[in-house]
Amino acid sequence: MFNSIKSAKRKVITFDDDEENISSQGHDTQSTAAPAEQKSSKATKTKAQKESESSEPTSTAESQEEPTPSTTTLTKKQKRQQQHQYDRPKKIANKEPTTEAIIAKAKDLKKHREALPIYTARDIIIKEVKENACVVIVGETGSGKTTQIPQYLLEAGLAAHGTISVTQPRRVAAINLAKRVAEEVGTPIGQKVGYSIRFDDTSSKDSLIKYMTDGIMLRELLSDRLLLRYSVIILDEAHERTLRTDILFGMVKSIQKKRADMIQAGRRDIQPLKIVIMSATLDAEKFSEYFYNAKIMYISGRMFPVKILNTVEPQSDYVDSALVTAFQIHQDEAPGDILIFLTGQEEIESLEKLIEEYAVDLPPTVGKLIPCPIFAAQDSATQQKIFEPAPHGTRKVILATNIAETSITIPNIRYVVDTGCHKSRGYNAKIGIESLLVEPISKSSARQRMGRAGREAPGLCFRLYTEDSFDQLDEDSIPEIKRCNLESAILSLKATGIEDPTKFDFMDRPSKSGLLKSLEHLYALEALDDTGALTEIGKKMAAFPVDPPYAKVLLQSEKMECTKEAIEIISLLSVDTIFSAPSSKREEANEARQKFMSLDGDHLTLLNTLRAYESVKGDRDWCRENFINSRHMRHVMDVRKQLIEFCERAGMDPRKSCGHDLEIVLKCFLAGFFQNTALLQPDSTYKSILGGLTVSIHPSSTLFGKKREAIMYNELVFTTKHYIRGVSALESAWLSQAAPKYFGNRHA
DNA sequence: GAGCACTGC
């Protein structure tokens, strides 16, 4: 059914054409919420449906991340943020709606709420949550579960003795959901409905429903171990199995039991805790089993059918296959944009070039095919471009990483091309080394990608692999907790009173060696003592919202009197990179960076850049001219502000500066990173001091290609080599001073 | 000579 592109002399890729192979986001299952609704939704789209869909997070658009807070509900915190001295994007002047207008809107929305398919299940949901301690709810995309269920529980009186909280893995989602639900409830954001994310908390004591990131919930656990302010905790997007939701599973489960025990013992001031797990994938048995065989409820969604087309033959080069497929779609299929999932920036940029080259040969009767790259490292202005509609008669082809799988929803996608691969972070627990490698996706990822074609109309999903290959994919991705460094999580567990994290009630247990590696490193950082108990240092470290080695650097900076510089460098290292490097202007970008370069390496180069940024008050034009990512830089300033507050709270002076004696800052960093050091070898390579691993300085480092006696690095990730990033030069004599226990004999 | 995506009272 697919014709070749004559002028482009390309091979043709044949896809199977099995009519049975139609899926409307998956599966026929028992559904408590009117399964017939799903079929009718394919034909026409009611206004209510559109409304329900718009309640889903729609983009990472910066404007959404930085909402215009209503002037009547400004918290002290928000007021402080508004006075931020750095150049932020202009906020759109938003005339505050009147109370009458808000109520009228809510009344209007009520009709739409009642037209949602989930509404038919309202009473059952309320009944189940009232009668059971734990409930698992499976809701397909567009079911409205995340906006409606908290409101049902509120209307049923479940917020009488505490707030209903809904955790989210992503900030934008928490913001958008809270705004939407506030509208439906009919009060300004921050009153009955609020959200809480890092740097931005609109919730108040009176909030009845609170959307928050899972990270915030984990932080709250440190000060409120029984989470007494909450009556219901809804853990949303549970299927994503992020490290933080996995930790929360175990935490809320034990809190629920503790509270029940206290009530049993006659404590009248304690209320029971309800747990609701919400997931988008169907195999919810695992969640159910973990939560005492909790009842599972299924809610159907509002997806259009997507036809799956697998290739007949395995493809040896998926970038090339994606190129051919894109042109096949463009020439053969009805209007609608194409979304291609690739693994990284390099692939995206090479496919972009290829598409531009081949588009030249398109016959004049065929409209243009416009490639639009999107990945996380772009600056926000570039990211916004994919939301601009294609000119009439042309077609956009979006080249995306996994960012388009969950984080960004792009409108008008009718065709998905799935390469079947992604880049995934791994962790070898035995040697304690992280990796970032291309790997096959899971079946649930493939379904998620497919679903991106059926949000607005029926779509097609072209899988660049055979049906057999699909069958061999894992059902789900390996949960993050089994493939990442656990230091931070372990320190949090210790700080919330869990003495033996190896005995924690994990839904999926991390490997013993991974746990031990983390415990060992925490011991080396003096966060744990010989018996494995949390030390005073460890307690202080756990309070800081940074990884343990950075927390150690902050504590050390007090002794070395360079807290100001430590805070600043740690803030700068909290983003991937502050430098923006569009590959098309690489030369210019490198030249601009020379101005800030320190011969000592990346830490002091970052500090120089921050000074320059401050001297122009974060001017956005200056950022553009100097290839500084202003979005990342503003994040750096937010982190700095927060770390200053945390240091003050810990009784430290965040203004203590070492002035021009910057060598002391590097020595200070060694307190957290003495294990991340390497020595120059006679053959000009670097060998890590502990472990003797040959490491290579990443090309993005200022020390790339330089030969220094000894170096320290923040990060080691295996890709094509063991690359180290965040590198600075040392004198080897500093090592024995920084960690005599480890280097005392060697350099005495 | 090159890094997927998230997140922190």
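By convention in this document, chain letters (A, B, ...) are assigned in the order of the sequence lines, proteins followed by strands, and residues within each chain are numbered from 1. Below, all heavy atoms of this structure are taken into account, side chains as well, without hydrogens, waters or symmetry copies.
Taken residue by residue, residues 474-491 of chain A places heavy atoms nearer than 4.0 Å to DNA chain B at A:Ser488. Within residues 538-552 of chain A, the residues that have a heavy atom under 4.0 Å from DNA chain B are, in order of number, A:Pro545, A:Val546, A:Asp547.
The six-membered or imidazole ring of A:Tyr465 lies away from that of A:Tyr318, with a centre-to-centre distance of 6.0 Å or more.
At a threshold of 4.0 angstrom between heavy atoms, the contacts of A:Leu243 with the nucleic acid are absent. Residue contacts shown for A:Ser424 are absent, as no nucleic acid heavy atom lies under 4.0 Å away. Within 4.0 Å of A:Gln345, counting heavy atoms only, lie sugar-phosphate atoms of the nucleic acid but no base atom. A:Glu405 comes within 4.0 angstrom of no nucleic acid atom, judged by non-hydrogen atoms across all strands. Across all strands shown, A:Ile216 has heavy atoms under 4.0 Å from sugar-phosphate atoms exclusively, and none from any base. Among the atoms of the strands shown, none is found under 4.0 Å from any heavy atom of A:Thr242. Across all strands shown, A:Glu347 has no heavy atoms under 4.0 Å from either base or sugar-phosphate atoms.
Put simply, the residue from A:Leu243, A:Thr406, A:Thr242 that forms a side-chain contact (heavy atoms from CB on, under 4.5 Å) with A:Pro169 is A:Thr242. The side chain to side chain donor-acceptor pair (under 3.5 Å) with A:Gln168 is formed by just one residue from the set A:Asp236, A:Asn176, A:Thr245, A:Thr146; it is A:Asp236.
Counting atom types as modelled, A:Ser407 pairs no side-chain N or O with a base atom of B:dC6 as donor and acceptor under 3.5 Å.
Contact annotation: A:Thr213 side-chain N/O to B:dG8 OP1/OP2 distance is under 4.0 Å. Between A:Gln168 and B:dC6 there is no side-chain N or O to OP1 or OP2 distance below 4.0 Å. Applying the 4.0 Å criterion to OP1 and OP2 of B:dA5, one finds that A:Thr401 has a side-chain N or O inside that range.
For the pair A:Arg244 and A:Pro699, nearest-nucleotide mapping onto DNA chain B gives the more 5' position to A:Pro699. If A:Phe375 and A:His698 are placed on DNA chain B by their nearest nucleotide, the residue sitting closer to the 5' end is A:His698.
When the C1' atom of B:dG8 is taken as reference, atom CD1 of A:Ile197 falls 11 Å away, rounded to whole Å. In this structure, the CG atom of A:Leu342 is 12 Å from the P atom of B:dA5, given to the nearest Å. What separates CD of A:Glu648 from P of B:dC9 is a distance of 16 Å, to the nearest Å. Atom pair A:Asp246:CG and B:dT7:P shows a separation of 17 Å (rounding to whole Å applied). At whole-Å resolution of the value, CG in A:Asp214 and C1' in B:dC9 are 14 Å apart. To the nearest angstrom, C1' of B:dC9 lies 15 Å from CG of A:Asp638. In this structure, A:Lys721 places its NZ atom 6 Å from P of B:dG1, rounding to the nearest Å. Between the OH atom of A:Tyr195 and the P atom of B:dC9 there is a distance of 15 Å, rounded to whole Å.
The list of side chain to side chain donor-acceptor pair (under 3.5 Å) pairs with a residue in residues 479-491 of chain A, not counting sequence neighbours, reads A:Glu487-A:His521.
Looking at A:Glu475 and A:Arg447, a side-chain N of the basic residue comes within less than 4.0 Å of a carboxylate O on the acidic one, giving a salt bridge. Salt bridge A:Glu405/A:Arg452: absent, no basic N to carboxylate O contact under 4.0 Å. Taking the charged nitrogens against the carboxylate oxygens, A:Asp508 and A:Arg241 do have a contact shorter than 4.0 Å, which makes a salt bridge.
Partners of A:Asn676 according to the side-chain contact (heavy atoms from CB on, under 4.5 Å) rule, which considers only residues two or more places apart in sequence or in another chain, are A:Phe673, A:Tyr713. Scored by the salt bridge (Lys or Arg N to Asp or Glu O under 4.0 Å) test, A:Glu434 finds A:Arg425 as partners (sequence neighbours excluded).
Comparing B:dG1, B:dG8, B:dA5 by their nearest atom to the side chain of A:Arg219 picks out B:dG8. With distances taken from any side-chain atom of A:Phe646 to the nucleotides B:dC6, B:dA2, B:dC9, the minimum falls on B:dC9. Comparing B:dA5, B:dC9, B:dG8 against the side chain of A:Ile403 picks out B:dA5 as the nearest.
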For residues 538-556 of chain A, please give each side-chain donor-acceptor pair under 3.5 Å, one per line with the distance, not counting sequence neighbours.
residue, atom, partner, partner atom, Å
A:Lys539, NZ, A:Glu536, OE2, 3.3
A:Lys552, NZ, A:Leu525, O, 3.1
A:Lys552, NZ, A:Glu526, OE1, 2.8

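Side chains of A:Arg449 and A:Ile441 form a contact here, defined as non-hydrogen atoms less than 4.5 Å apart.
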